Amino acid sequence: MTAIAFQILASAAVIGALVLVIGARSTVGAGLGAVATSIAVAGLFALLAAPFLAIVQLLLVVGAGGVGLLFVVLLVDLEAERMPARSIRRRVVNALGVIAAASLAGLVVLTLASTPRADLPVDADVGGVFALGEALYRGFAAPLVGLSLVLLAGLVASRVLVAAGPHENEGDGETRR
Amino acid sequence: MMVPVDQVVGLAIILFALGLVGTIRRRHVVVVLFGLQLVTIAAALAFVGFNRMWAGRALASGQAAELDGQAFALVALVVGVVELVVGIGLGLAVVRRRGSADVDDAHLLGSGR
């Protein structure tokens, strides 16, 4: 049952990523592909004994990130994406991309061959809120403080960037309110 | 629950590669941000996968399970969302200034268009 769920979620994640990268012509389609991948990865977190991370993934990445981006796309008049015309340079880049993809496929095969299988029992409390909170606040207190500062900086930066009007962005030296 | 960790890590690599290709290949600022988000999610998945393996081994040998991998994954997810939010702000500022959401159009500093 767990193996079937893993295969379904993994397939959904890869399909969503392919829609984002290749399949979707529109920005909203790409966004929906990214949201589908994020939801599938949240399910994978739950399968890997990390339920708190699964909820965080749904709230932060899917809820805040994905939906926020989709709202930006829907509310702001962004033009459609223009893909570059086919040229020799583009074909060379594509060929290099194929070589890189083949190398990456070899890396995947090597990783699968060298990583041992974890057919081991896991305690039900592993990855729970209490256990993860204890690990965070005992061993990662300083990084958590740094993370809060990063969050604050991101919040202030996004507010300043978005709140600035078009006249302020033109840099004409005059601030009109 | 028994989940093959090698397949989890392989999936993380595939998602990382797809996110990287999306970041490089696509030209719309919003889609590039989606690609970067996918890269971050793939890294977090690899962290959680390896943590699952090591936690299982520790419990099987009678030791306490360490959750360092999940802590790192949490940090990666939060930083990824912050990066997304700041990227949205930058993208909107670029669109307002340049009138285009194409990242290739924003290749000149200063007042160049």
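Just so it is clear, the structure is predicted and the values come from calculations on it, not from any experiment. Any value given below was found using the heavy atoms of this structure, including those in side chains, with hydrogens, waters and symmetry copies removed. Every chain is numbered from 1, with letters handed out A, B, ... down the list of sequences.
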J.: Heavy-atom distances under 4.5 Å only: say whether A:V56 touches chain B with side chain, backbone, both or neither.
T.: side chain

J.: So for B:A44, is it side chain, backbone, both, or neither that comes closer than 4.5 Å to the heavy atoms of chain A?
T.: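 B:A44 touches chain A through backbone and side-chain heavy atoms alike.
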
J.: Most heavy-atom pairs under 4.5 angstrom with chain A, which of B:G22, B:G80, B:A71?
T.: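 Greatest number of close heavy-atom pairs with chain A: B:A71.
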
J.: Work out which heavy atom in B:N51 is nearest to a heavy atom in B:G69; give both atom names and the distance.
T.: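 Closest heavy-atom pair between B:N51 and B:G69: OD1-N, 3.2 Å.
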
J.: Is the distance from the ring center of A:F45 to that of A:F52 below 6.0 Å?
T.: no

J.: If we define contacts as heavy-atom pairs under 4.5 Å, which of A:L155, A:L144, A:V14, A:V61 has the most with chain B?
T.: A:V61

J.: Hey, what do you get for CD1 (B:I13) to CG (B:L18), rounding to the nearest 0.5 Å?
T.: 12.0 Å

J.: Answer with side chain, backbone, both or neither: which region of B:L84 has an atom nearer than 4.5 Å to a non-hydrogen atom of chain A?
T.: side chain

J.: In terms of heavy-atom pairs under 4.5 Å with chain A, which of B:L45, B:V85, B:I24 leads?
T.: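 The residue among B:L45, B:V85, B:I24 with the greatest pair count is B:L45.
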
J.: Have B:E83 and B:Q37 got a donor and an acceptor in their side chains that come within less than 3.5 Å?
T.: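 No, B:Q37 and B:E83 have no side-chain donor paired with an acceptor closer than 3.5 Å.
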
J.: Report which part of B:V81 has an atom under 4.5 Å of a heavy atom belonging to chain A: side chain, backbone, both, or neither.
T.: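 Only the side chain of B:V81 comes within 4.5 Å of chain A.
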
J.: Once you round to the nearest 0.5 Å, how far does CG of A:L32 lie from CZ of B:F34?
T.: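 CZ of B:F34 is found 8.0 Å from CG of A:L32.
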
J.: What's the shortest heavy-atom distance between A:A13 and A:T37, and which atoms?
T.: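 Reported closest heavy-atom pair: O-OG1, 3.1 Å.
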
J.: Is there a donor-acceptor pair closer than 3.5 Å between any side-chain N or O of A:Q57 and the backbone N or O of A:S38?
T.: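 The answer is yes, because a donor-acceptor pair under 3.5 Å joins these two groups.
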
J.: Using non-hydrogen atoms and a 4.5 Å limit, figure out which bit of A:L151 sits close to chain B: side chain, backbone, both or neither.
T.: both

J.: First locate atom CG of A:L132, then atom CG of B:D68, and finally report the distance between them rounded to the nearest 0.5 Å.
T.: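 Reported to 0.5 Å precision, the distance equals 10.0 Å.
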
J.: Between B:V86, B:V21, B:V78, which shows the greatest number of heavy-atom pairs under 4.5 Å with chain A?
T.: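 Counting heavy-atom pairs under 4.5 Å, the top option is B:V78.
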
J.: Please give me the minimum heavy-atom distance between B:A73 and B:V48, naming the atom from each residue.
T.: CB-CG2, 3.7 Å

J.: Between B:F72 and chain A, which part of the residue has a heavy atom less than 4.5 Å away: side chain, backbone, both or neither?
T.: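 Interface part for B:F72: side chain.
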
J.: Taking every non-hydrogen pair under 4.5 Å, which of A:V150, A:L60, A:V35 racks up the most with chain B?
T.: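 Of A:V150, A:L60, A:V35, A:L60 has the most heavy-atom pairs under 4.5 Å with chain B.
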
J.: Go through the atoms of B:L11 and report whether side chain, backbone, both or neither lie under 4.5 Å from a heavy atom of chain A.
T.: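 It is the side chain, since no backbone atom gets that close.
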
J.: In Å and rounded to the nearest 0.5 Å, what is the CD1 to CG distance from A:I39 to A:L44?
T.: 12.5 Å

J.: Please look at B:L74 and chain A and tell me whether the side chain, the backbone, both or neither of the residue comes under 4.5 angstrom of a heavy atom of that chain.
T.: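 Backbone plus side chain of B:L74, per the 4.5 Å heavy-atom cut-off to chain A.
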
J.: With chain A as the partner, which of B:L38, B:L20, B:T40, B:I14 has the greatest number of non-hydrogen pairs under 4.5 Å?
T.: B:L38

J.: Against chain B, work out which of A:A157, A:P143, A:A17 has the most heavy-atom pairs shorter than 4.5 Å and name it.
T.: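 Greatest number of close heavy-atom pairs with chain B: A:A17.
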
J.: Is A:L136 in contact with chain B via its backbone, its side chain, both, or neither, using a 4.5 Å heavy-atom distance?
T.: side chain

J.: Assess whether atom CG of A:L149 is packed by more than 12 heavy atoms of other residues, nucleotides or ligands within 6.0 Å.
T.: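 Yes, CG of A:L149 has more than 12 neighbouring heavy atoms, counting only those of other groups under 6.0 Å.
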
J.: Using non-hydrogen atoms only, which part of B:L90 is less than 4.5 Å away from chain A: side chain, backbone, both, or neither?
T.: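 When you check distances to chain A, atoms from both the backbone and side chain of B:L90 fall under 4.5 Å.
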
J.: Which atoms of B:V82 come close to chain A, meaning under 4.5 Å heavy atom to heavy atom: side chain ones, backbone ones, both, or neither?
T.: side chain

